[in-house]
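Following: one structure in structure tokens, then a few remarks.
By convention in this document, chain letters (A, B, ...) are assigned in the order of the sequence lines, proteins followed by strands, and residues within each chain are numbered from 1.
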Number of protein chains: 2
Amino acid sequence: MSAAPLRQTRQRVAVAETLAAAAGFSTAQQVHERLVARGERVALATVYRHLQALAESGLADVLRTPDGQVAYRCCAHGQRHHHHLVCRRCGHTVEVEFGTFESIVEELAARHGFAEVTHELELFGICPRCSAG
Amino acid sequence: MSAAPLRQTRQRVAVAETLAAAAGFSTAQQVHERLVARGERVALATVYRHLQALAESGLADVLRTPDGQVAYRCCAHGQRHHHHLVCRRCGHTVEVEFGTFESIVEELAARHGFAEVTHELELFGICPRCSAG
DNA sequence: ATACCTGCAAAAGCTTTGCACCTAC
DNA sequence: GTAGGTGCAAAGCTTTTGCAGGTAT
């Protein structure tokens, strides 16, 4: 019934470390590229599997890039739901929390009688660094 | 330089009508299905092309479903940016506008020095009708 | 007549899956 | 020793694209 225990493999560690080291969001492909560049040999399919696992266990955030890829980001904060401001150019990410917004969503869902409402807010822009360059 | 004039074809009308008739968001595949069911013969590729065109010209909203498909919805409101509360089960959609939110986003982007910020808020839940059933 | 549009089919991505082998426990 | 993990390759999906023929204007 409970989930099977996860094994500590070279690949699992490598994927988790690579994701953790990244500043913003990374796609499976990007994580794989970095691993290869680092000299680690990990199959792309394995990267996909680990990223999914990380997301499911709540250790990573998931979002979809505007062009449809799935991107993951190591999630330092525990349970706290938060949003992101992502630079379209360099991927630099600012983590954002604003209670005001959360409560607006709740109030809104209630007003329309919607249940089990999940919300995902994506903000894409150009960060100050890229604007300057 | 300017866009070529759009021709009034059977397919264009059929796709636009089908999208307009739908209550919530529709994917290209769904629109195509409905067309076929209605007896219209339109190629899937053509549906994709028209939906993209509708979105580009601002006549349709675009969003990505949680599983990665692109969904479109006929957009009655002109320029006004708005968001949606979408039923995960039946697709029933409520159009939502809340100025408070828009200003929060602007203030937030400014605070972090981000430029050209676009935002998309997706709310998925179970609508009252489906909850009752 | 001439752009533009359509259909078909193939290609292109990203992601998932099947299966035999491997390895942490 | 065994259950879970991995690699490889193939399949699955949605979406895009090339091209020859069709059609509004």
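To the nearest 0.5 angstrom, B:H32 atom NE2 is 10.0 Å from B:Y48 atom OH. Atom CD in A:Q30 sits 3.5 Å away from atom OG1 in A:T27 (nearest 0.5 Å). A:L35 contributes atom CG, which lies 9.5 Å from atom CD of A:E17 (distance to the nearest 0.5 angstrom). Remark: A:R34 CZ to A:Q29 CD distance equals 12.0 Å, nearest 0.5 Å.
Residue-to-nucleotide contacts include no donor-acceptor pair under 3.5 Å from the side chain of A:R7 to the base of C:dC25.
Cluster annotation: A:V70 is connected to A:V42 through the hydrophobic network of ILVMFWY side chains, with a link wherever side-chain heavy atoms come within less than 4.5 Å. When hydrophobic clusters are built by joining Ile, Leu, Val, Met, Phe, Trp and Tyr residues whose side-chain heavy atoms come closer than 4.5 Å, directly or via intermediates, B:V15 is grouped together with B:V62.
In this entry the distance linking CZ of A:R10 with C1' of D:dG4 reads 16 Å, nearest Å. In this structure, A:Q11 places its CD atom 10 Å from C1' of C:dT23, rounding to the nearest Å. Computed from coordinates, the B:R64 CZ to C:dT15 P distance equals 11 Å when rounded to whole Å. Remark: P of C:dC5 and CZ of B:R12 are 6 Å apart, rounded to the nearest angstrom. Rounded to a whole Å, the OH atom of B:Y72 is 11 Å from the C1' atom of D:dT14.
Across all strands, B:H32 comes closer than 4.0 Å to no nucleic acid atom at all (heavy-atom distances).
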Find every protein N or O atom lying less than 3.5 Å from an N or O atom of nucleotides 10-13 of chain D, and list the pairs.
none

Checklist entry - Going through the checks in order, is the side chain to side chain contact (heavy atoms under 4.5 Å, CB included) test met by B:Q11 and B:H50? => result CA-CA 9 Å; B:Q11 291 88 336; B:H50 281 308; 4.2 Å; yes

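Of the residues in residues 40-49 of chain A, A:R41, A:V42, A:A43, A:A45, A:T46, A:R49 come within less than 4.0 Å of DNA chain D through at least one heavy atom, sorted by number.
For the pair A:Q52 and C:dT16, the criterion of a side-chain N or O lying under 4.0 Å from OP1 or OP2 is met. Of the side-chain N and O atoms in B:T9, one or more sit less than 4.0 angstrom from OP1 or OP2 of C:dT6. Remark: B:H50 is not in phosphate contact with C:dC5, judged by side-chain N or O atoms under 4.0 Å from OP1 or OP2.
In summary, of the residues considered (A:L19, A:T18, A:L54, A:L59), a side chain to side chain contact (heavy atoms under 4.5 Å, CB included) with A:C74 occurs for A:L19 alone.
Take A:E40 and apply the side-chain hydrogen bond (donor to acceptor under 3.5 Å, both in side chains) test, not counting sequence neighbours, and it matches A:R10.
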